[in-house]
Amino acid sequence: MPLKNLYIKPRMKNELQQLESSALKALKEVKTLDELKDLEVKFLGRKGELTGILRGLKDLSPAEKPEMGALSNTVKKKLEAAFASKQQKLENDSLEQQLSGQFFDTTIPGKSRPIGHIHPLSQIQEEVERIFSQMGFSIADGPEIESEYYNFEGLNIPADHPARDMQDTFFIEGKDHKDHGRMVLRTHTSPVQVRSMEKYGAPLRLIVPGRVFRNEATDASHDHTFDQVEGILIDENISIAHLKGVMKEFLTRLFGKEVNVRFRPGYFPFVEPGLELDFSCLICEGKGCRVCKKTGWVEFMGSGMIHENVLKAGGVDHKKYQGWAFGFGLTRLVMMRYGIDDIRHLTNGDLRFNHQF
Ligand code: FA5
């Protein structure tokens, strides 16, 4: 080792000890947070005194380096702790100073932060998903901006069919799909029927909760944006009896009491036969009231056996498999559940309304 290097280690040790004691001494004199910051930069900053001393590490022998490295680390930690505790003390002092001379009533209750909670629509959606999951259904999703093909043609509703009038929609200009016609805001969750058959094939058992859109004048029970739940079951030897059983069980679990269901004929081009399903009014227990318009039954959803053309569009062997589908309005279900008299309350963002649930 060259002679001059023999002196580096004792010198460094000495410098580190000096630095520690002069930093601690200077720290005692500090009165403000600004002074503290300056001092910290002076001793511990990137170009501070400690860094200056550590530059000498490279000239030490390999045997000396670990010892001196450990020592400088100890000094650094000690100084950092001393600076942190001084900072805490100065901050407390300044708070005390601000409050001294002022009357401070410690008995005044604090300001509470308002806590958000889950929107009633999402609450019911979660319940619906839980019940159908328990019955072995998967939860699927589909795009809200949909091609005309999946929204209409794939569902056996050709362009010139009068059934298109039942679901007028919003078209997205200049975004036509290369094979599937214009793009639209989907008018129902039914497009996921063909999409899921294409993706998963048969057998199939799933529900699709989702947002839909219609070009409609709004009133207390109609909105242009609302939520639906689609249900699809495809397998061998499936009949409407399975649909009746599943829906009766679902509604009984959802409402927590025995619910009866009945079918009426209904028309939807994508099912044959098409059915409307009603359930027994829970308010009057079937005796007749304002909610059920004195009939004892509440209209609930469209449903039916999936049309052969739709199974074909989804690539499902219609000779081997049959299936049913249903679609109900989740928004209307929420209204029924909580006795909400205007659908528009659910989306107008008024927190006074939302906080009631
Ligand atoms: C359909 O949308 C069909 N896709 C349902 C279906 C699926 C039938 C599978 C057969 C097989 P409909 O247009 O009736 O059908 O709408 C279904 C439900 O959505 C209605 O029962 C109602 O609860 C709700 N709904 C319809 N229009 C509105 C609206 N403007 N505002 C709020 N809810 C609505």
Side-chain angles (χ1 to χ4, degrees), residues 121 124-125 128 137 140 142 144 146 150-157 161-170 184-197 204 206-234 238 240 242-244 246-247 251 261 263-279 291 297-311 313-314 322-337 340-348:
L121 251 172
I124 300 281
Q125 180 175 330
V128 170
F137 285 73
E144 290 174 3
E146 187 52 282
Y150 284 115
N151 200 78
F152 297 117
E153 277 96 351
L155 290 169
N156 205 29
I157 317 176
H161 198 284
R164 283 221 178 173
D165 295 346
M166 301 196 301
Q167 297 187 6
D168 189 13
T169 187
F170 302 96
V184 299
L185 293 186
R186 68 175 176 190
T187 54
H188 49 176
T189 41
S190 298
V192 186
Q193 288 187 23
V194 173
R195 280 185 175 278
S196 58
M197 286 178 219
L204 194 60
L206 49 84
I207 62 160
V208 187
R211 183 143 293 177
V212 302
F213 312 85
R214 290 191 193 173
N215 185 9
E216 272 188 28
T218 63
D219 61 28
S221 55
H222 293 83
D223 212 343
H224 47 72
T225 304
F226 57 98
D227 284 65
Q228 285 189 337
V229 177
E230 191 83 6
I232 305 161
L233 189 143
I234 301 176
I238 292 299
I240 286 294
H242 298 111
L243 175 61
K244 191 170 185 182
V246 165
M247 290 319 289
L251 290 163
V261 296
F263 286 117
R264 285 176 294 113
Y267 174 65
F268 304 93
F270 34 95
V271 283
E272 181 59 43
L275 302 161
E276 295 276 355
L277 181 138
D278 304 335
F279 64 78
V291 172
W297 294 94
V298 178
E299 287 181 21
F300 185 54
M301 66 175 203
S303 60
M305 296 302 290
I306 300 174
H307 197 288
E308 190 182 310
N309 290 349
V310 180
L311 290 172
Q322 312 77 47
W324 42 251
F326 65 75
F328 65 80
L330 188 69
T331 318
R332 295 241 179 107
L333 185 64
V334 174
M335 291 172 75
M336 226 157 2
R337 176 76 177 263
I340 297 166
D341 60 0
D342 194 317
I343 194 168
R344 291 163 293 195
H345 288 316
L346 282 158
T347 46
N348 72 4

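Remember, it's 1-based here, ligands and their atoms both numbered in the order they're listed.
- Taken from CZ in Arg164 to CD1 in Ile157, the straight-line distance is 7.0 Å, to the nearest 0.5 Å.
- Between Pro209 and Val229 there is a side-chain heavy-atom pair separated by less than 4.5 Å.
- Of all the heavy atoms in Leu346 and Thr331, the pair that sits closest is CD1-CG2, 3.6 Å.
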Before you tell me yes or no, could you show the steps for Gln167 and Val212 under side chain to side chain contact (heavy atoms under 4.5 Å, CB included), namely the whole-Å CA-CA distance, both residues' side-chain angles and the distance that decides it to 0.1 Å?
CA-CA 11 Å; Gln167 297 187 6; Val212 302; over 6 Å; no

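- Relative to the ring axis of Tyr150, Arg195 places its NZ or CZ within 45° and under 6.0 Å from the centre.
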I'd like a table of donor-acceptor pairs (distance under 3.5 Å, sequence neighbours excluded) in which one partner is a side-chain atom from residues 263-276, with atom names and distances.
unit_1: Arg264; atom_1: NE; unit_2: Asp278; atom_2: OD1; d: 3.4
unit_1: Arg264; atom_1: NE; unit_2: Asp278; atom_2: OD2; d: 2.8
unit_1: Arg264; atom_1: NH2; unit_2: Asp278; atom_2: OD1; d: 2.9

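- Residues lining ligand 1 at a heavy-atom distance below 4.0 Å are given as Gln167, His188, Ser190, Gln193, Arg214, Glu216, Ser221, His222, Asp223, Phe226, Gln228, Glu230, Phe268, Phe270, Val271, Phe300, Gly302, Ser303, Ala325, Phe326, Gly327, Gly329, Arg332, Ile343, ordered by chain and residue number.
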